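Note that the structure is a prediction, hence the values are computed from the model and not measured.
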Amino acid sequence: VKEIRVGTLMSNQIGASKTPSGDTFFYIKNPSGQVIAKSQLFTSAMAFDNALHQVKDNTCIAELDDLTAQNA
């Protein structure tokens with residue numbers, strides 16, 4: 001979780017790509033360059049831009065709810 005939070009703040013750790021069919025997605029890499037998260041696929045450029053903006057603005061301040069302790 002920490003690497004995803006940091007990755008969304010670091011411009012060199014978040015990027016965008018397209019599938020062969022033209023759908024767009026973004027990904028987050030850890031400091032060593034390994035992809036650690038991928039978004040859903042977007043067919044609309046506006047939806048993609050909005051989602052990426054939301055992730056960049058909100059991931060670092062999002063509330064965490066660790067459910068693993070509840071299942072123990």
Side-chain angles (χ1 to χ4, degrees):
V1 173
K2 181 180 177 184
E3 286 184 336
I4 291 177
R5 286 182 172 207
V6 171
T8 61
L9 296 173
M10 306 297 289
S11 61
N12 64 331
Q13 289 180 237
I14 191 165
S17 191
K18 287 193 175 209
T19 64
S21 63
D23 295 334
T24 307
F25 65 96
F26 59 87
Y27 55 87
I28 301 168
K29 299 187 286 184
N30 65 15
S32 65
Q34 179 184 14
V35 175
I36 56 174
K38 289 182 183 178
S39 73
Q40 67 184 44
L41 297 178
F42 296 92
T43 56
S44 160
M46 184 186 307
F48 170 79
D49 290 341
N50 287 338
L52 185 58
H53 178 76
Q54 289 295 320
V55 166
K56 286 183 174 183
D57 285 353
N58 297 315
T59 301
C60 63
I61 60 170
E63 182 178 324
L64 295 177
D65 189 9
D66 185 357
L67 303 177
T68 57
Q70 295 177 6
N71 294 328

Show me, pair by pair, the donor-acceptor contacts under 3.5 angstrom made by side chains of residues 44-53, not counting sequence neighbours?
residue : atom : partner : partner atom : Å
Ser44   : OG   : Met46   : N            : 3.3
Ser44   : OG   : Ala47   : N            : 3.2
Asn50   : ND2  : Met46   : O            : 3.3
His53   : NE2  : Asp57   : OD2          : 2.8

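Listed by first then second residue, pairs satisfying ring pair (Phe, Tyr, Trp, His ring centres under 6.0 Å) with a partner in residues 15-36 number zero, not counting sequence neighbours.
With sequence neighbours left out, Gln34 forms a side chain to side chain contact (heavy atoms under 4.5 Å, CB included) with Asn30, Ser32. Ser21 meets the side chain to side chain donor-acceptor pair (under 3.5 Å) test with Thr19; sequence neighbours excluded.
Linking ILVMFWY residues whenever their side-chain heavy atoms come closer than 4.5 Å, directly or via other members, places Val35 and Leu41 in the same cluster.
Separating the OG1 atom in Thr43 from the CG atom in Asp23 is a distance of 6.0 Å, to the nearest 0.5 Å.
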